[in-house]
Amino acid sequence: MSQDVPREQIEVYHARRSSTVMRIKRMVQAGFFVLGLPRVWRYRFWRALLGDRAFLDASESISKSSGLWGVYRRQAFYRATLNACGRDVYVGWLSTFSMHQATLGEGAYIGRRCSIGFADIGAKVMLADGVQILSGGHEHGQSEQAGETHQDQSQLFQRLAIGEGAWLGTNAVVMADVGAH
């Protein structure tokens, strides 16, 4: 296509929600929190038996709920189980957290098929689809013992920070802190 030919563009404006709409949204969120309590209790039961592995299992399970129903289910579940989770977060379909110690800031947007480890995600952060946030860059040790595999070694997780207002593009793999904006 020639550079002289203008390309078609679409610009989308996001209108501020009225106080009435926000009150309705808060009621819907409260309803989903109550509806989600049995799922949270089930997770806590399995966590008592299986330890931290139960969180990843629950995260994978809840990630499969589609549509707006799924968004509100994930929002309620993570508000009850993550170390911290903002009220108006969006966690997309098939996105999972592997560690309950993660935090998710107010207004954060997590696209579809993201995987998040030991991370503090700031307010208003946007992760496009497929972003992977690892738990540091060196989760497995370097053993010098003959015959020892990575599976035989202990793991070391390092908390990563994604600064407020950061935007990470599609399929980014994050192994270190990302600054704000």
Side-chain angles (χ1 to χ4, degrees), residues 14 16-136 157-168 172 174 177-178 180-181:
H14 300 282
R16 287 210 172 269
R17 294 185 175 137
S18 70
S19 59
T20 302
V21 169
M22 289 307 293
R23 279 194 295 277
I24 292 169
K25 181 178 181 178
R26 296 293 179 245
M27 288 188 289
V28 169
Q29 287 172 324
F32 271 89
F33 186 80
V34 170
L35 287 174
L37 285 175
R39 181 67 184 99
V40 171
W41 294 332
R42 189 167 63 238
Y43 153 69
R44 291 198 173 138
F45 169 79
W46 285 109
R47 184 169 176 207
L49 295 176
L50 301 174
D52 285 341
R53 174 68 190 154
F55 181 76
L56 180 57
D57 291 343
S59 183
E60 289 173 352
S61 173
I62 199 114
S63 77
K64 297 173 187 173
S65 297
S66 61
L68 197 54
W69 170 266
V71 171
Y72 279 108
R73 285 189 72 206
R74 286 185 289 280
Q75 193 178 77
F77 179 77
Y78 291 130
R79 281 187 51 81
T81 58
L82 289 177
N83 265 8
C85 181
R87 198 167 38 180
D88 288 321
V89 299
Y90 177 96
V91 179
W93 178 69
L94 294 180
S95 288
T96 59
F97 286 81
S98 62
M99 301 180 80
H100 68 88
Q101 295 90 342
T103 65
L104 192 53
E106 182 66 30
Y109 176 93
I110 309 299
R112 298 169 303 214
R113 298 177 319 281
C114 292
S115 178
I116 300 164
F118 192 24
D120 288 333
I121 298 173
K124 301 289 186 179
V125 165
M126 291 181 63
L127 304 182
D129 295 346
V131 171
Q132 310 292 309
I133 300 177
L134 305 182
S135 301
F157 300 112
Q158 177 184 353
R159 183 182 297 272
L160 298 184
I162 310 299
E164 180 178 337
W167 179 80
L168 299 170
V174 180
D177 292 345
V178 174
H181 306 286

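The figures here come from the full heavy-atom set of this structure, side chains too, leaving out hydrogens, waters and symmetry mates.
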Give, for atom [atom1] of [X] and atom [atom2] of [Y], the distance between the pair rounded to the nearest 0.5 Å.
X    : Y    : atom1 : atom2 : answer
K64  : R73  : NZ    : CZ    : 11.5 Å
D129 : R113 : CG    : CZ    : 5.0 Å
H181 : K124 : NE2   : NZ    : 11.5 Å

[X] side chain near [Y] side chain, heavy-atom distance below 4.5 Å:
X    : Y    : result
I133 : L127 : yes
R39  : Y43  : yes
D52  : M99  : no
F97  : L104 : yes
D57  : W46  : no

Using only atom types and a distance under 3.5 Å, with no angle test, would you say the side chain of [X] pairs donor to acceptor with the backbone of [Y]?
X    : Y    : result
R74  : S65  : yes
S115 : Q132 : no
Q75  : V89  : yes

Would you name the heavy atoms of [X] and [Y] that are closest together and state the gap between them?
X    : Y    : answer
V178 : A166 : CG1-CB, 4.2 Å
S98  : G117 : OG-CA, 3.3 Å
S135 : F118 : OG-N, 2.8 Å
F32  : A76  : O-CB, 3.7 Å
I121 : A108 : CG2-CB, 4.3 Å
C114 : G130 : SG-N, 3.8 Å

Next item on the list: Give a yes-or-no answer on whether the side chains of D120 and T103 include a donor-acceptor pair shorter than 3.5 Å.
Entry: yes
Item checked: Y78 side chain to S59 side chain, donor-acceptor N/O pair below 3.5 angstrom -> yes
Checklist line | R112, CZ: over 12 other non-hydrogen atoms inside 6.0 angstrom | finding: no
Notebook entry, point to check: Above 12 or not: heavy atoms from other molecules or residues under 6.0 Å from OH of Y90?
Noted result: yes
Next item on the list: Quick one: which residue pairs count as a salt bridge (Lys or Arg N to Asp or Glu O under 4.0 Å) with a foot in residues 79-91, not counting sequence neighbours?
Entry: K25-D88, R26-D88
Check: Is the F77 ring parallel, tilted or perpendicular to the F55 ring (thresholds 30°, 60°)?
Finding: parallel
